[in-house]
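Below you'll find the structure, written out as structure tokens, and then a few comments.
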2 protein chains.
Amino acid sequence: MQACYGEWVKRREFGQYCGIARALELVGERWALLVVRDLMIRPRRYTDLQEGLAGIPSNVLSTRLKELEQSGIVERQVAPAPQRGVVYALTPLGQELEPALLALGRWGSTQLGDPQPGDRVTPDGATLNLRANFRQEEAAGLTASFELHARDLVVHAVVTDGKLTSGIGPAPEPADLVITAEVPDDVPASYRAIVRAARLGQVELKGSKKLLDTFLRVFTRP
Amino acid sequence: MQACYGEWVKRREFGQYCGIARALELVGERWALLVVRDLMIRPRRYTDLQEGLAGIPSNVLSTRLKELEQSGIVERQVAPAPQRGVVYALTPLGQELEPALLALGRWGSTQLGDPQPGDRVTPDGATLNLRANFRQEEAAGLTASFELHARDLVVHAVVTDGKLTSGIGPAPEPADLVITAEVPDDVPASYRAIVRAARLGQVELKGSKKLLDTFLRVFTRP
DNA sequence: CTGCATCCACTTTGATACTG
DNA sequence: CAGTATCAAAGTGGATGCAG
């Protein structure tokens with residue numbers, strides 16, 4: 001605590017009556033939004049997070065989780081019978097960060113060149129890109145499921161009456177269209193690579209093939 | 001530079017092929033997004049920013065501006081004849097951060113209680129709230145201009161064929177509807193306070209009074 | 001005045017090691 | 001698996017200096 005304009009404020013607070021400043025106080029610390037990003041895909045254990053956030057110091061992860069829990073963004077759950085252990089999950093408040101996170105990701109994606117050697121390319125990224133590029137307007141009334149493959153990368157997107165559910169791995173029910181992209185060996189398997197292949201027709205399709213155009217219309221932007 | 005999993009990366013980079021991580025590398029440092037926020041309203045001089053970001057150390061502001069300029073987000077302009085001096089402005093790339101910033105602000109606003117004594121309440125906040133709460137769908141085809149007053153706070157919103165322009169101070173052309181909110185003396189004059197007053201009918205109107213419902217429909221959410 | 005640069009105390013982070 | 005402990009390095013906050 002320290003003096004600031006006659007008032008006592010925590011060092012980390014900006015002291016502005018502004019939603020953006022408040023958001024940054026809560027999730028603006030280094031690594032915080034990346035933790036939220038990982039949890040947006042599904043709940044994770046401590047070591048899952050450490051793995052997904054390659055390079056985060058253990059003590060920093062520990063601190064961030066406590067802060068996020070304190071803020072009501074993350075929930076610490078002691079998992080029941082099957083795997084038992086500690087699991088971290090987003091609260092509803094944390095899930096409400098999704099639009100902001102996707103908007104940030106859309107902007108940041110434009111500033112991504114090609115993947116550098118050493119860059120981590122995870123299925124999480126593909127799942128988030130699926131959500132970030134999803135065009136609600138184009139999907140109105142649509143019901144269809146897709147599965148995307150590129151080498152060992154597999155993600156799914158299920159659209160039910162215009163609403164999207166997406167995740168890692170195969171679709172829970174057999175997908176209406178399975179897209180398997182032919183990606184050169186020297187290019188990492190990413191959402192971007194799949195879309196590029198799909199546009200060039202360098203894909204193998206299984207299922208309702210005319211859904212490919214629908215996929216491109218609903219899940220990609222020019 | 002330092003070693004990390006066999007590759008050399010800058011300490012501040014996250015080493016993930018992910019739009020969100022990239023965005024955070026570029027605008028995730030402390031104060032960076034608040035600088036962008038201030039510039040989103042209009043270009044500013046160094047001292048304007050210092051004032052708007054109450055409490056930012058001079059050296060940190062200086063560093064952030066250089067980093068943002070380096071990243072192509074901010075442009076340093078030497079202002080011409082009238083006022084001369086240095087002016088910082090957003091580049092087009094910087095302006096593209098607006099959707100992300102507004103989404104973050106919408107989330108953060110839900111985590112704002114009432115203004116604390118000592119909180120800075122600026123016209124910038126009201127202008128951004130105007131943009132953040134603007135509902136494109138509801139404004140389709142609309143052309144109308146509004147001016148909001150609450151004590152010394154004045155902001156304007158001009159909707160032209162469904163597109164919004166907003167800023168501090170009176171509208172460039174006389175507004176179709178001028179809303180003057182009656183705000184208790186002990187409550188800071190903010191967008192929130194104006195909306196609350198408008199909903200309760202505690203406003204004085206000048207101009208086309210039936211536009212008040214349109215305003216509430218287009219510029220507020222439940 | 002504006003637009004920084006410098007100095008220094010303090011805090012946070014990164015890397016690694018270690019424990020229940 | 002789920003953290004804690006430790007310590008060096010980098011970053012931040014605050015004050016002040018200073019040229020144009």
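Below, read A as the first sequence line, B as the second, and so on, with proteins coming before strands; counting in each chain starts at 1.
At C:dT12, one or more side-chain N or O atoms of A:R12 fall inside 4.0 Å of OP1 or OP2 (strictly under the cut-off). Dashed line: the shortest gap from a side-chain N or O of A:R30 to OP1 or OP2 of D:dA10 is not under 4.0 Å. For B:Y46 and C:dA5, the shortest distance from a side-chain N or O to OP1 or OP2 is not below 4.0 Å. Within the structure, a side-chain polar atom (N or O) of B:W31 is placed less than 4.0 Å from OP1 or OP2 of D:dG13. One finds no side-chain N or O of A:K66 lying less than 4.0 angstrom from the OP1 or OP2 phosphate oxygen of D:dA2.
With C:dC4, D:dG3, D:dG14 as the candidates, the nucleotide lying closest to the side chain of B:P57 is D:dG14. You'll find that the side chain of B:S58 is closest to C:dC4, out of D:dA2, D:dT12, C:dC4. Closest to the side chain of A:R76, from the set D:dG13, C:dC4, D:dG3, is D:dG3. Checked against D:dT12, C:dC4, D:dG14, the side chain of B:N59 finds its nearest nucleotide in D:dG14.
To the nearest angstrom, C1' of D:dG3 lies 9 Å from CG of A:L61. Rounded to an integer number of Å, the gap from B:E29 CD to C:dT12 P is 15 Å. If you take CD of B:E67 and C1' of C:dC4, they are 15 Å apart, rounded to a whole angstrom. Whole-Å rounding puts the B:I56 CD1 to C:dC4 C1' distance at 13 Å. Atom P of nucleotide D:dA10 and atom CD of B:E13 are separated by 16 Å, given to the nearest angstrom. Atoms CG (A:L49) and P (D:dG3) sit 10 Å apart, rounded to a whole Å. Between the P atom of D:dT12 and the CZ atom of B:R64 lies a distance of 4 Å, rounded to the nearest Å. If you measure from atom CZ of A:R44 to atom P of D:dC1, you get 14 Å, rounded to the nearest angstrom.
Among the protein residues, A:Q50 comes within range of no part of the nucleic acid, since none of its heavy atoms lies under 4.0 Å from any strand. The residue B:S62 sits close only to the backbone: its heavy atoms come under 4.0 Å of sugar-phosphate atoms, none of a base.
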(message) Between B:Y88 and B:D48, does the side-chain contact (heavy atoms from CB on, under 4.5 Å) criterion hold? Intermediate values first, please.
(response) CA-CA 10 Å; B:Y88 294 92; B:D48 295 336; over 6 Å; no
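Using a cut-off of 4.0 Å between Lys/Arg side-chain N and Asp/Glu carboxylate O, B:K66 and B:E69 are scored as not salt-bridged.
Under the salt bridge (Lys or Arg N to Asp or Glu O under 4.0 Å) criterion, A:D124 pairs with A:R44, sequence neighbours left out. Qualifying side chain to side chain contact (heavy atoms under 4.5 Å, CB included) partners for A:S71, counting only residues two or more places apart in sequence or in other chains: A:L26, A:I73.
Summarising the geometry, atom CG belonging to B:L49 is positioned 11.5 Å from atom OG belonging to B:S62; distances are rounded to the nearest 0.5 Å.
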